[in-house]
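For reference, the structure discussed in these notes is given below.
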Amino acid sequence: MLHADLDAFYASVEQLLDPSLKGRPTAVGTGVVLAASYEARSFGVSAGMPAWRARQLCGHLRFVPGHFREYQRLGDQVVDLFSDYTPLVERISIDEAFLDVAGAGRLFGSPTEIAAALRRRVREEVGLPLSVGVARTKHLAKVASQVAKPDGLVVVAPESEREFLHGLPVSLVWGIGPKSQANLARVGIKTVGELAEAPGNVLERLFGRAIGEKMASLATNIDPRQVGHQRAASSIGAQAALGRQRPTGDLLRSTLGYLADRVASRLRAAERAARTVTVRVRFPGMRAVTRSTTLAVPVDTTLTLTEIATELACTALAQNRSEKEVTLLAVSASRLVAPSLQLALGLCRPSAPAGRDASAGTVLAARWALDHSVDAVRAKFGRGAVGYAAPTLSSAARVPEAFRELAEH
DNA sequence: TCTGGGGTCCTAGGACCC
DNA sequence: TCTGGGGTCCTAGGACCC
């Protein structure tokens, strides 16, 4: 099993596109660091950091806004190259993938030889540094590639798995983030070896049953996962950071309209409709609340989704009146099912011949027709041709569309 | 002067049903 | 009148990943 991971991907691409950045501390992003080159990391700059903080740490940091379409193109090019060696490629994100090369030995050599070939070809043909981990299982291969970074190759032989894992920090285990790391440190567990020796009931008490069991199995290296293919998404969402703003009617209308439009058009493109709609509102200080509702009639219509999202947001705000400003709004659609206009119309008019329900059905049919016209125009002339044009939204559109599209898996 | 955008999975508690 | 156990669905929150 191989895990291949492009190093500091966005930043490496920028250094490739603009050679004057090569060897220099480089960060991609505008208000926040989306990716930092290894030169920048040596100053303590890391992804997720506010830009002002990054500049504080590294005065001569070069900040670039990002070439998001190039990331997609080059990421695809690299993954295409992987499939020269095996059809069993599981892409996890734009810049990393698992490769099952168990059956490729006859043609291309041992896993270690294939890993070396991948690194050489990605460097020569694409121009990017690639780290690769080689091991018996997915989890171990992933840990190995993290250890290999930057621009390295780490092979874990089956007989030295325990030894390899033993001294590593628990944060390298997949699923152990900052909070879990802190919780484990509190009971004296810092390394994977210590985690493996911890009694099951301790982990269960700290993290609950499922996660406790998973941690134990990863630490003791029982990892049955195979390389699979992509599953269909189980939710579709969109969010917009707003800085600090008072939640006026105008702000809610424009932002939720824009977000609902993004979500609903993606639902329609995927031929899905959502039974559950969730809205998230974040306040200064990062505290966030969510409100959700599950519908009898699945929704994929922009205006209907906008109305539902607005109601949910108003509920959340009404229940948090002490908060005077919001910093983020998000709309998410889940419990996805096949869309059915017939079902929707049928449920809208059970028996009433001329009452409210019948007119609700008419409204729905009109909205359905409107959405499909909008989708058709956009398919022909592009997203900005009609509808909620991002540029008219001062706050929601601070992020380029291309970045949003890149983040959609 | 408190950090982007897009996701997954887990847990707890309540409602409801048998 | 109060009691038991189990299952499903839903809401809200949180941790984590790229």
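So that the names make sense, note that chain A is the first sequence line, chain B the second, and so on, each numbered from 1.
Residues satisfying the side-chain contact (heavy atoms from CB on, under 4.5 Å) criterion with A:Glu204, sequence neighbours excluded, are A:Arg209. For A:Phe403, the ring-ring contact (aromatic ring centres under 6.0 Å, His included) test picks out A:Phe68, with sequence neighbours left out. For A:His372, the ring-ring contact (aromatic ring centres under 6.0 Å, His included) criterion is met by A:Trp368, not counting sequence neighbours. Residues that satisfy the salt bridge (Lys or Arg N to Asp or Glu O under 4.0 Å) test with A:Glu161, not counting sequence neighbours, are A:Arg136. Looking at residues two or more places apart in sequence or on another chain, you find no salt bridge (Lys or Arg N to Asp or Glu O under 4.0 Å) involving A:Arg41. Among residues two or more places apart in sequence or in another chain, the ring-ring contact (aromatic ring centres under 6.0 Å, His included) test is passed with A:Tyr10 by A:Tyr71.
Residue contacts for A:Arg291: at a heavy-atom cut-off of 4.0 Å it reaches the sugar-phosphate backbone alone, with no base atom in range. Within the nucleic acid shown, A:Ser234 comes within 4.0 Å of sugar-phosphate atoms alone, with no base atom in reach, counting heavy atoms only. Counting any heavy atom pair closer than 4.0 Å across all strands shown, A:Ala51 reaches no nucleic acid atom. Looking at heavy-atom distances under 4.0 Å, A:Thr293 makes contact with sugar-phosphate atoms alone, never a base. Residue A:Leu406 is out of contact with every strand shown, counting any heavy-atom pair closer than 4.0 Å. Across all strands, A:Gly175 comes closer than 4.0 Å only to sugar-phosphate atoms, never to a base (heavy-atom distances). Residue contacts for A:Ile236: at a heavy-atom cut-off of 4.0 Å it reaches the sugar-phosphate backbone alone, with no base atom in range. In this structure, A:Ala233 reaches the sugar-phosphate backbone alone: every heavy-atom distance under 4.0 Å involves primed, P, OP1 or OP2 atoms, never a base.
Each of B:dG5, C:dC10, B:dT3 was ranked by its minimum atom distance to the side chain of A:Arg335; first place goes to C:dC10. When each of C:dC16, C:dC10, C:dC18 is scored by its nearest atom to the side-chain atoms of A:Pro178, the top-ranked nucleotide is C:dC16. Here the side chain of A:Trp52 is nearest to one of C:dC10, B:dT1, B:dG6, namely B:dT1.
The residue among A:Gly237 and A:Tyr10 whose nearest nucleotide of DNA chain B lies closer to the 5′ end is A:Tyr10. Positionally, the nearest nucleotide of DNA chain B for A:Gly48 lies more toward the 5' end than for the other of A:Gly48 and A:Arg262.
Distance CG (A:Leu295) to P (C:dC10): 10 Å, rounded to an integer number of Å. If you take CG of A:Asp95 and P of B:dG5, they are 19 Å apart, rounded to a whole angstrom. As a whole-Å value, the separation of A:Leu172 CG from C:dC17 C1' is 14 Å. What separates CG of A:Leu34 from P of C:dC18 is a distance of 16 Å, to the nearest Å. Going from atom OH of A:Tyr71 over to atom P of C:dC18 covers 18 Å, rounded to whole Å. Distance CD1 (A:Ile92) to C1' (B:dT8): 13 Å, rounded to an integer number of Å. Per the geometry, CD belonging to A:Gln72 stands 14 Å off P belonging to B:dG6, to the nearest Å. Nucleotide B:dC9 holds its C1' atom 18 Å from the NZ atom of A:Lys179, rounded to whole Å.
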Show me, pair by pair, the donor-acceptor contacts under 3.5 angstrom made by side chains of residues 177-188 of chain A, not counting sequence neighbours?
residue  : atom : partner  : partner atom : Å
A:Asn183 : OD1  : A:Arg186 : NH1          : 3.0

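Not a single donor-acceptor pair under 3.5 Å links the side chain of A:Glu311 to the backbone N or O of A:Ile308.
Every pair passing ring pair (Phe, Tyr, Trp, His ring centres under 6.0 Å) that includes a residue from residues 34-54 of chain A is listed here, sequence neighbours excluded: A:Phe43-A:His60. Screening residues 73-92 of chain A for ring pair (Phe, Tyr, Trp, His ring centres under 6.0 Å), with sequence neighbours left out, gives A:Tyr85-A:Phe108.
Distances shorter than 4.0 Å separate none of the side-chain N or O atoms of A:Arg244 from OP1 or OP2 on B:dT1. Residue A:Ser180 places at least one side-chain N or O closer than 4.0 Å to OP1 or OP2 of C:dC16. Of the side-chain N and O atoms in A:Ser235, one or more sit less than 4.0 angstrom from OP1 or OP2 of B:dT8. At least one side-chain nitrogen or oxygen of A:Lys142 sits closer than 4.0 Å to the OP1 or OP2 atom of C:dC18.
No hydrogens or angles considered: nothing links the side chains of A:Gln77 and A:Gln72 as a donor-acceptor pair under 3.5 Å.
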Query - Trace of the side-chain hydrogen bond (donor to acceptor under 3.5 Å, both in side chains) decision for A:Arg367 with A:Thr304 - result: CA-CA 8 Å; A:Arg367 289 179 174 184; A:Thr304 306; 3.1 Å; yes
Query raised in the report: Could you go step by step and tell me if A:Val154 and A:Val134 meet the side-chain contact (heavy atoms from CB on, under 4.5 Å) rule?
Result: CA-CA 6 Å; A:Val154 164; A:Val134 183; over 6 Å; no
**Report entry** Residues A:Thr293, A:Thr276; criterion side-chain contact (heavy atoms from CB on, under 4.5 Å); working and verdict
**Finding:** CA-CA 6 Å; A:Thr293 184; A:Thr276 300; over 6 Å; no
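Using atom P as the reference point in both B:dT3 and C:dC18, the two lie 23 Å apart (nearest Å).
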Just the atom pairs and distances: protein N or O near nucleotides 11-13 of chain B's N or O, under 3.5 Å.
residue : atom : partner  : partner atom : Å
B:dT11  : OP1  : A:Arg209 : N            : 3.3
B:dT11  : OP1  : A:Ala210 : N            : 3.0

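Within residues 270-290 of chain A, the residues having any heavy atom closer than 4.0 Å to DNA chain C are, in order of number, A:Arg275, A:Val289, A:Thr290.
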Query raised in the report: Using Watson-Crick and G-U wobble pairs whose two distances are both under 3.5 Å, how do you write the pairing of DNA chain C as dot-bracket, with | for links to another strand?
Result: ....||||||||||||||
